[in-house]
Amino acid sequence: MTNSYAPSRQPAPRNRASAPSFTDPVRYPAGASASVLTKRAFLLILMTLLVPGSAQTVAGDRRLGRIALRVTLTVWVLAGLAAVLLVASRSTLINLFTNSIASLLLIIGLVALAVGWAALFINTLRLIRPVLLTPKARPAVVVALVLAMILSSGSLGYAAYLLNVSRDAISNIFSAGPAMEPSEGRYNFLMMGGDAGSDRTGRRPDSLSVISVDAKTGATAIISVPRNLQNAQFSEDSPMRTIYPDGYDCGNECLINAINTEVTNEHKDLYPGVEDPGAQATLEAVSGSLGIKVQAYVLVDMDGFARLIDAMGGIRIKAGGWVPISGETIDEASGIHGMPLGWIPAGDNTLDGYHALWYGRSREFVDDYSRIARQQCVQQAMLKQLDPATLLSKFEDIVKAGTKVVDSNISSGQLGSFVDLAMKAKGQQMSRLTIGPPDFDASFSTVPDFDQIHQKVDALLAPTPAAGAAEDGIRGQDQAPGPLSAAGALPAAQPGTQPAPPPSDFTPVTTTPDGEPITEEMLNQFKLNGDEQSIRNLVATNGQCAPL
């Protein structure tokens, strides 16, 4: 007999852990209050910005979220390794960015990350479900999401674009040749300011200087070679020694800056496979004349130089005297010009590209060595003021200008090492030597004593250059020019004499000896009167210059 009072069977209780928690407003926002939904929306946007994939993991497609989180973790690990490499071997990291294959892969990776991150933000917008938000909250949420997308995906896309710009510039400017080794612990680069024209074959370098950098410390010296140096000696391995075994001694027209054009026009066959035979021959002449091995050259077209200065935002210098922007040449033999087109005043100046070009190029009313001193100053100002902030903020303009004005045989595979050296050199004082006044007599370039040049260069580049400079009278950046000896070199300081003030401590000449302010109108009036000697007297100090 069945007991009618037996308890009825109840269904087995469900596993609470397996049941969805519909009260979780992050994953299940339906039914949540308006304030909670607004907070949830901003939280998901922030999660996607800071940890891509985390919003999908907690509120959406968990499989998609896990894939995105793995990618995020991989990127973080790679970024950490890059940070370690930056500290341990900065040049290796830079070489990775400048290598054509590695940079291409990095560009592809950045584009892929930018697209993927943008897709996650779009997916996050779907998870937010804007229709559930109040009408007032919707615009704020959408604006926040768009800003976050620009900050993340936009930054990655722009980084890929800039990297592609620099990759193209590197391939256009630098060679794909083998890396070079330091010579006696130094890298020596020949900087040439080329004066190209439609009526010329090849450039005529009107500015020649060697930048010598210690391969370990980055200590830098600038050696300026006058364009009118005669009897230039070719290095022992130069093909030009077969034509000029005793130096470039074919007469008064055989100045060192004529080598480029002569080789380009007449002796290309001596340099098979060399992209720019004239530049290579000039490099060999500078090497032999200075008694050092110059490993590479950088040739800057002076007519395009202004673009590079403009891209940098100008340069700041202190000028010792007024510098003319010369007008048309009236007499080629005497070098007399017409009325100046303008003047660069003495004192503190911020020069745009046009005025910086003329500041380094003008030689009217003074000798060529005042111009060389100003060119050295312009180079130093550019190196000093091309800081990371300027480079990053004006990167695209600087790179694009560089591709139009710069040519070099430096291997692109070695850029990392040289950029690293440049960063070490920044902030250090540069030693300087000019093969002419104030370090040699003005006539020295006509009948140069190459043994004496070699001694001066060796002393300048010695491991303790300050001591060597003091003993041999070489003027570093912290020494001002002194009186010249009969042999042409600066004499050693005499006992009891006061050291000369450094170049940066000079006082710009802004008044006449009578105390009257020098003005552009005054200088132009002297020119109109044919009184060029008065102008020479007033602008005689325009070779003094210091970067600000």
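Numbering starts at 1 and runs along the sequence shown.
With rounding to the nearest 0.5 angstrom, the CE atom of Met191 is 4.5 Å from the CD1 atom of Ile211. Atom OG1 of Thr446 and atom CG of Asn228 lie 6.5 Å apart (nearest 0.5 Å). Once rounded to the nearest 0.5 Å, the distance linking CD1 of Ile259 with OG1 of Thr264 reads 11.0 Å. Taken to the nearest 0.5 Å, the CG atom of Leu255 stands 8.5 Å off from the OG atom of Ser445. For the atom pair CG (Leu85) and CG (Leu78), the distance works out to 11.5 Å, reported to the nearest 0.5 Å. Distance check, rounded to the nearest 0.5 Å: CG of Leu548 to CG of Asp348 gives 5.0 Å.
Here the shortest heavy-atom pairing between Arg361 and Arg371 reads O-CD, 2.8 Å. Closest non-hydrogen pair, Val111 versus Ala160, comes out as CG2-CB, 3.9 Å. Smallest separation of non-hydrogen atoms from Pro239 and Tyr271: CD-OH, 3.6 Å. When all heavy atoms are compared, the tightest approach of Leu461 to Ala221 is CD2-CB, 3.9 Å. Contact detail for Ile256 and Pro226: the closest heavy-atom pair is CG2-O, 3.5 Å. Pairing each heavy atom of Ala346 with each of Val509, the nearest pair is CB-O, 3.4 Å.
Side-chain atoms of Arg186 and Ser212 form a donor-acceptor pair, as typed in the model, at a separation below 3.5 Å. In this model, no donor atom of one side chain and acceptor atom of the other lie less than 3.5 Å apart for Asp451 and His454. Under the 3.5 Å distance criterion, with hydrogens and angles disregarded, no donor-acceptor pair is assigned to the side chains of Ser289 and Gln233. A donor-acceptor contact closer than 3.5 angstrom is absent between the side chains of Gln280 and Tyr297.
Between Val210 and Phe189, the closest side-chain pair of non-hydrogen atoms is not below 4.5 Å. Using a 4.5 Å cut-off on side-chain heavy atoms (C-beta onward), Asp449 and Ile453 make no contact. Taking the side chain as every heavy atom from C-beta outward, Leu163 and Leu106 approach each other to under 4.5 Å. Between Ile325 and His355, the closest side-chain pair of non-hydrogen atoms falls below 4.5 Å. Residues Val323 and Trp358 have side chains not in contact (no heavy-atom distance under 4.5 Å, counting atoms from C-beta outward). With contacts defined as side-chain heavy-atom distances shorter than 4.5 Å, the pair Leu229/Pro448 qualifies. Looking at Ser431 and Ile222, their side chains never come closer than 4.5 Å, going by heavy atoms from C-beta outward. Residues Gln230 and Val447 form no side-chain contact, since every pair of their non-hydrogen atoms from C-beta on lies 4.5 Å or further apart.
Judged by distance alone, the side chain of Ser238 and the main-chain N or O of Met240 form a donor-acceptor pair under 3.5 Å. Proximity of a side-chain donor or acceptor of Ser362 to a complementary backbone N or O of Gly360 within less than 3.5 Å is not detected. Although no hydrogens or angles enter the test, the distance criterion places no donor-acceptor pair under 3.5 Å between the side chain of Ser370 and the main chain of Val366. Listed for the Asn349 side chain is a donor-acceptor partner under 3.5 Å among the backbone atoms of Pro345. Between the side chain of Ser326 and the backbone N or O of Pro340, no donor-acceptor pair lies under 3.5 Å. A donor-acceptor pair is defined here as one N or O able to donate and one able to accept, closer than 3.5 Å; no such pair exists between the side chain of Lys456 and the backbone of Thr434.
Listed by first and then second residue, the disulfide (SG to SG under 2.5 Å) pairs that reach into residues 341-385 are Cys377-Cys545, sequence neighbours excluded. Sequence neighbours left out, the pairs with a member in residues 214-259 that pass disulfide (SG to SG under 2.5 Å) are Cys250-Cys254.
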Begin with the C-alpha distance, continue with both residues' side-chain angles, and end with the deciding distance and a verdict on side chain to side chain contact (heavy atoms under 4.5 Å, CB included) for Asp246 and Asp249.
CA-CA 7 Å; Asp246 299 320; Asp249 58 356; 3.8 Å; yes
Go through the steps for Glu181 and Lys293 under the test side chain to side chain contact (heavy atoms under 4.5 Å, CB included), then give the verdict.
CA-CA 11 Å; Glu181 296 296 327; Lys293 182 179 181 180; over 6 Å; no
Start with the C-alpha gap between Val286 and Leu283, add the side-chain angles, then the distance that decides, and say whether side chain to side chain contact (heavy atoms under 4.5 Å, CB included) holds.
CA-CA 5 Å; Val286 172; Leu283 178 149; 5.9 Å; no
Can you check side chain to side chain contact (heavy atoms under 4.5 Å, CB included) on Ile243 and Leu270, steps first, answer last?
CA-CA 10 Å; Ile243 301 175; Leu270 295 177; 3.6 Å; yes
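In this structure, Arg374 has no salt bridge (charged side-chain N to carboxylate O under 4.0 Å, His left out) partners at least two apart in sequence or on a different chain.
Below 30°, between 30° and 60°, or above 60°: for Phe234 and Tyr248 the angle between ring planes is above 60°, a perpendicular geometry. Aromatic ring pairs are classed by plane angle as parallel below 30°, tilted from 30° to 60° and perpendicular above 60°; the pair Trp343 and Trp322 is perpendicular.
Applying the 6.0 Å contact sphere to CD of Glu184 captures no more than 12 heavy atoms from other residues, nucleotides or ligands.
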